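Everything below concerns the one structure shown next.
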Protein chains: 2
Amino acid sequence: MRASQVKSSALSFDCCSHPWHSEGMVAPSLRARVRAGMIEEIKTVARRHLDTDGANLSLRAVARDLGMVSSAIYRYFPSRDDLLTALILEAYDALGDAVEAADAAADRADLRGRWLAACRAARAWALAHPAEYALLYGSPVPGYAAPDDTVAPAQRPPVTLVGILRDGVATGRLAPPDEELPEPLRGDVAELVELLGMDVPPALLARGMAGWTQLFGLISFELFGRINRALPHRDEYFDHQIGLMADLAGLP
Amino acid sequence: MRASQVKSSALSFDCCSHPWHSEGMVAPSLRARVRAGMIEEIKTVARRHLDTDGANLSLRAVARDLGMVSSAIYRYFPSRDDLLTALILEAYDALGDAVEAADAAADRADLRGRWLAACRAARAWALAHPAEYALLYGSPVPGYAAPDDTVAPAQRPPVTLVGILRDGVATGRLAPPDEELPEPLRGDVAELVELLGMDVPPALLARGMAGWTQLFGLISFELFGRINRALPHRDEYFDHQIGLMADLAGLP
DNA sequence: CTGTTTCGAGAGCGGTGCTCTCGATTTGGA
DNA sequence: TCCAAATCGAGAGCACCGCTCTCGAAACAG
């Protein structure tokens, strides 16, 4: 939670996210390597606890599973929140990877196919990792404030969706909506367009964000058990609802 | 969590939800009345703690605020989960009241106005009671399973939205989409139509549910801080996105 | 080989939900 | 009116939690 703690946690990561066999770096000591391995092991066990026991992760239980005493964990993560943040970061990246890979695997010219593939990939990832999805998109943990490192990976799925729309506009395959946004909103969305660096008409960006919101809502309802029990064909329902949003965005 | 506990908690409610001054019932004893008052007081304090401290409600803290010892709370609620369930039930009802009242206050013939009013009421309630909204629609508490009493009140907002569409079809003001749902899905939604008792074409019901999903997603994104900071005019953004879904449903 | 750093264990603090027991009080029927 | 029964709040206690501190052992660097 403290900025310093988050920073130190991030430092623990650099030793593995920046692989040591890149140019000019000295090979890490044995101790550094077993430390990195230990961090990875802790995260693995923590992720397992998350998937089985739900969102309330117990540091002591993780330590017990590792044959350690709880205070030993603090040699690797300054607090429980930092461990959670590490898991959140990895989860964001995994989801982003899945969505972007699905988009990239589709035919570039098939805009609607890319849209559906990206959405399906997000849902598939969420169904495969419900606890981690809840960690990302559930109600925020009370005391917990997401560090700034999380905003960029968190935006990858919506950016992917908007990127599909941008490609459509750029190649002329997608006709932007002829409406214009009303003024106070138009400026906001125009700023967002610049911030994302995607040349898309504001009205279209708004529709893309509607698709992203719908995607999140569909997954959340299905995952949190709020989908009506009278809908056994969930795949078909999801596909149809996502298709509706593709229609709304003007995807052919 | 146990069914028996939930039942006993529900019994505690009946003494106040079924007012004693109705026909034929004997006036409750003094003790029963102070007990009901105590239950209400506990819920009030718990709600206040929820709004200030977030979702992790501490029974001991509530007891302290009431000048009691923690074990005394168990005279009124068999467990912390039951207290949470009581708050959830009340929250569902409050949200349902707000949405239905907003719909009822609008001109019956102005379908789009009713839709927007209902959606705005849901958002307004959520913004006014963020912690309770998170309790309803956030990630489910790990050990907690929502009792069956909650499903009916939970469906009031979406039923209200679909009711607007049904009125539109019944009065001929709303032209249902000319598409048909693909087969495995069409049967599911048709069953849902019967279950809700609302005579609406399945394809239209699907669009209404899309609107409900979007509404939930919009509110959640805004409330859980995932709305982009580059969107200061949140009211206008919300109105526009909800209007998009009204378009999708065919509301004139 | 030696001084320093890293690490895990252990004890401990204050917090939590929850159970049990024990007096005090209130209630309702004889 | 009196008395047994039901109800209630307090208190102690259990197991668990996140987290801090200390201490001895091990691994490192010079």
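Just so we're on the same page: letters track the sequence lines, and every chain starts at 1. Being a predicted model, the structure only gives us computed values, none of them experimental.
Between the SG atom in B/C119 and the CZ atom in B/F216 there is a gap of 14.0 Å [rounded to 0.5 Å].
No option in B/D235, B/D103, B/D239 other than B/D239 meets the salt bridge (charged side-chain N to carboxylate O under 4.0 Å, His left out) test with B/R120.
In summary, the side chains of A/D82 and A/S79 do present a donor paired with an acceptor at a separation below 3.5 Å, with no hydrogens or angles considered. Looking at A/S220 and A/Y133, their side chains do bring a donor and an acceptor atom within 3.5 Å of each other.
Counting atom types as modelled, B/R60 pairs a side-chain N or O with a base atom of C/dG17 as donor and acceptor under 3.5 Å. At a cut-off of 3.5 angstrom, the base of C/dG17 holds no donor-acceptor pair with the side chain of B/R80.
Spacing between atom CD1 of A/I39 and atom P of C/dG8 amounts to 11 Å, rounded to whole angstrom units. What separates CG of B/L59 from P of C/dG17 is a distance of 5 Å, to the nearest Å. Atom CZ in A/F77 sits about 16 Å away from atom C1' in C/dC7, given to the nearest Å. When the C1' atom of C/dG17 is taken as reference, atom CD1 of B/I42 falls 15 Å away, rounded to whole Å. Nucleotide C/dG15 holds its C1' atom 13 Å from the CG atom of B/D53, rounded to whole Å. When rounded to the nearest whole Å, the span between CG of B/N56 and P of D/dC17 equals 16 Å. Atom CZ in B/R33 sits about 14 Å away from atom P in D/dC8, given to the nearest Å. Regarding A/R31, its CZ atom lies at a distance of 11 Å from the C1' atom of D/dA25, rounded to whole Å.
Residues from residues 61-72 of chain B that place a heavy atom under 4.0 Å from any atom of DNA chain C, listed by number: B/R64, B/S70, B/S71.
Residue B/R75 places none of its side-chain N or O atoms closer than 4.0 Å to OP1 or OP2 of D/dT7. Regarding contacts with the backbone of C/dC20, every side-chain N or O of B/Y74 stays at 4.0 angstrom or more from both OP1 and OP2. When the side-chain nitrogen and oxygen atoms of A/R35 are compared with OP1 and OP2 of C/dC7, one or more of them lie within a distance under 4.0 Å.
Classified by interplanar angle (parallel below 30°, tilted 30° to 60°, perpendicular above 60°), the ring pair A/F221/B/Y137 is tilted.
A salt bridge (Lys or Arg N to Asp or Glu O under 4.0 Å) check over residues 55-65 of chain A, counting only residues at least two apart or in different chains, returns the pairs A/R48-A/D65.
Side-chain contact between B/Y74 and B/L59: present, with at least one pair of heavy atoms (C-beta onward) separated by less than 4.5 Å.
At a threshold of 4.0 angstrom between heavy atoms, the contacts of B/I73 with the nucleic acid are absent.
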